[in-house]
Participant: 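After the structure tokens below, expect a handful of questions from me.
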Number of protein chains: 2
Amino acid sequence: MKVSKAQVQENRARIVAMAAMLFRERGYDGVGVAELMAAAGLTHGGFYKHFKSKADLMAEAAAAGLEQSAVNTADLDVIAFVNQYLSRQHRDAPGEGCTMAALSGDAARQPDSIKAVFAEGIERQLAVLGANQAVDADANKQARALIIETMAQAVGAIVLSRACPDDSPLADEILAVCRARILGQYEREPEVKP
Amino acid sequence: MKVSKAQVQENRARIVAMAAMLFRERGYDGVGVAELMAAAGLTHGGFYKHFKSKADLMAEAAAAGLEQSAVNTADLDVIAFVNQYLSRQHRDAPGEGCTMAALSGDAARQPDSIKAVFAEGIERQLAVLGANQAVDADANKQARALIIETMAQAVGAIVLSRACPDDSPLADEILAVCRARILGQYEREPEVKP
DNA sequence: ATTATCTATAGATCTATAGATAATGC
DNA sequence: ATTATCTATAGATCTATAGATAATGC
């Protein structure tokens, strides 16, 4: 029943990847260890050779999800990012979407060890979107403020839109309004290029 | 052991009020019926004479929390609202704060019956903040868009700030930046008065 | 020999129900 | 007579551990 070291590593990665998806879809309390391990093709007893506890996995899955978002958006400019982020596709597929939007509410009730992972993930995403890339300190401060505002509005729009019933006109209106207004801001205040 | 009709009504209201607070603090899955009833000074068996199920209470507690926010902010203009909403006090007291910010993430995973309560609560809050109060249809549309953008950014800022560790500089920065930028927008685009 | 995985289970917790009780309200 | 509340419990589920197993890797 033992498996190769490569297989062990692959199994562990699959558990983390499944957790990152299932937690985003159903929340930290919405997915049990047994179900998670079954989704990864294993039995639940083996979980504790990979992780000390479910809380440990939560931190690792959050880091994986946040890292994935940063990598996926690394080659987008802010306008492309906003168009993708504030889309119905993103709203309706939380399992593959932004970890901040899907799990920040849950993270707020977790210990600082998990919140620290989120803070790092937020900071990373701000960097990817072009904060701190301006020529001088003052321009940097302004660029960073603009990116923070954009992320907050984008996250808020997705969170509120997802809280509405599936066919609610308000759900779509929130996305459309925020997308238009953010994009309008980047026309007036063009993105800072390095 | 039976109690008067007035007492029954009072007990029920206390259960709903405690639920509205505890759910905001710890999430729908974070509070059990037994603990909730104990917090209301009752034993858990009696719960089911008041509510058909925990899910029924969740809908009613959400409605109560959303209603409370609307009433509390009814006499504030948008600027006073934003100053209060994007404060450390609000961020650090979710149990008495905005239900949208505290529970939208949980609501997204609940059935449409609960999401419908949230959609109504959002719509109500938009109305309180002055959407639909302009003189003509076009001005109304613009005013509504501005309020939606403001709510999304405010909710997103609180949600992200709460996901950061308690002493995180980023948590405070998100609040300060979004507060300043929203207020700046209302200077440039003054609030629509009826 | 080591150890990742499996089966089985302990112990806690959670929602919901059953039946008894006693004060209200017709 | 009705019924809100209480005590007790059923049945499900969840995290974590114990012990057996069998293939890897020294």
Side-chain angles (χ1 to χ4, degrees), chain A residues 1-62 103 106-107 109-111 113-114, chain B residues 1-62 103 106-107 109-111 113-114:
Chain A
M1 281 196 176
K2 202 185 168 190
V3 294
S4 71
K5 286 194 172 180
Q7 186 62 245
V8 169
Q9 209 167 10
E10 192 190 305
N11 287 348
R12 188 182 207 282
R14 203 166 59 252
I15 296 168
V16 173
M18 288 303 305
M21 183 172 77
L22 290 173
F23 285 149
R24 274 178 282 184
E25 284 176 358
R26 306 216 295 274
Y28 288 133
D29 291 339
V31 187
V33 171
E35 183 193 5
L36 171 65
M37 289 296 278
L42 299 165
T43 58
H44 70 283
F47 177 85
Y48 295 90
K49 290 282 174 179
H50 288 290
F51 307 96
K52 209 187 73 188
S53 66
K54 186 184 176 185
D56 270 27
L57 172 67
M58 281 159 52
E60 197 162 333
L103 287 172
D106 288 37
R109 303 165 202 139
Q110 299 297 329
S113 54
I114 288 183
Chain B
M1 284 199 176
K2 201 185 169 189
V3 295
S4 72
K5 286 195 172 180
Q7 186 63 245
V8 169
Q9 208 167 10
E10 192 190 305
N11 287 348
R12 188 182 205 282
R14 203 167 59 254
I15 296 169
V16 173
M18 288 304 304
M21 183 172 76
L22 290 173
F23 285 150
R24 273 178 283 185
E25 284 176 357
R26 307 218 294 273
Y28 287 133
D29 291 339
V31 187
V33 170
E35 183 192 6
L36 171 65
M37 290 296 278
L42 300 164
T43 57
H44 69 283
F47 177 85
Y48 295 91
K49 290 282 174 181
H50 289 291
F51 307 97
K52 209 187 73 189
S53 66
K54 186 184 176 185
D56 270 27
L57 172 67
M58 281 159 52
E60 197 163 331
L103 288 171
D106 288 37
R109 302 166 203 138
Q110 299 297 328
S113 53
I114 289 183

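All values derive from a computational prediction rather than experimental measurement. In what follows, every heavy atom counts, from backbone to side chain, and hydrogens, waters and symmetry copies are set aside.
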Participant: To the nearest Å, give me how far apart CD (B:Q7) and P (D:dT3) are.
Facilitator: 18 Å

Participant: Would you give the length of the straight line joining atom CG of B:L42 to atom CD1 of B:I15, rounded to the nearest 0.5 angstrom?
Facilitator: 5.5 Å

Participant: What is the distance from CG of A:L57 to C1' of D:dT15, rounded to the nearest Å?
Facilitator: 13 Å

Participant: What is the distance from atom CD of A:E60 to atom CZ of A:F51, rounded to the nearest 0.5 Å?
Facilitator: 5.0 Å

Participant: Among the candidates D:dA4, C:dC6, C:dG25, find the nucleotide nearest to the side-chain atoms of B:V3.
Facilitator: D:dA4

Participant: So, B:R109 and B:D29, do they make that salt bridge, N to O below 4.0 Å?
Facilitator: no

Participant: In whole Å, I'd like the distance from the NE2 atom of B:H50 to the C1' atom of D:dA4.
Facilitator: 6 Å

Participant: If I take atom CZ in residue A:F51 and atom C1' in nucleotide C:dA4, what distance separates them, rounded to the nearest angstrom?
Facilitator: 13 Å

Participant: A:R12 has an atom CZ; how far is it from atom P of C:dT3, in whole Å?
Facilitator: 16 Å

Participant: Strictly by Watson-Crick or wobble contacts shorter than 3.5 Å, is anything paired with D:dT21, and which nucleotide is it?
Facilitator: C:dA4

Participant: Under a 3.5 Å cut-off for both distances, is D:dC14 Watson-Crick or wobble paired, and to whom?
Facilitator: C:dG11

Participant: Judged by each residue's nearest nucleotide on DNA chain C, which is more toward the 5′ side, B:K5 or B:F47?
Facilitator: B:F47

Participant: Rounded to the nearest angstrom, tell me the gap between atom CD in B:Q9 and atom P in C:dG25.
Facilitator: 12 Å

Participant: Classify A:S4 by what it touches in the nucleic acid, base, sugar-phosphate, or nothing, heavy-atom distance under 4.0 Å.
Facilitator: sugar-phosphate

Participant: Measure from the side-chain heavy atoms of A:L42 and tell me the nearest of D:dT5, C:dC6, C:dA4.
Facilitator: C:dC6

Participant: For residues B:E35 and B:R26, determine if any side-chain heavy atom of one lies less than 4.5 Å from a side-chain heavy atom of the other.
Facilitator: yes

Participant: Indicate for each nucleotide in nucleotides 8-14 of chain D, in 5' to 3' sequence, whether protein heavy atoms under 4.0 Å reach the base (B), only the sugar-phosphate (S), or nothing (-).
Facilitator: BB-----

Participant: Between A:R24 and A:A20 (side chain of the first, backbone of the second, donor and acceptor by atom type, cut-off under 3.5 Å), is there such a pair?
Facilitator: yes

Participant: Under the rule for side chain to side chain donor-acceptor pair (under 3.5 Å), what residues qualify as partners of B:E25, not counting sequence neighbours?
Facilitator: none

Participant: With sequence neighbours excluded, what pairs up with A:A19 under the side chain to side chain contact (heavy atoms under 4.5 Å, CB included) test?
Facilitator: A:F23, A:L36, A:L57, A:A61

Participant: Can you tell me how far P of C:dT24 sits from CG of B:N11, to the nearest Å?
Facilitator: 13 Å

Participant: In whole angstrom, give the distance that lies between atom NZ of B:K49 and atom P of C:dT21.
Facilitator: 16 Å

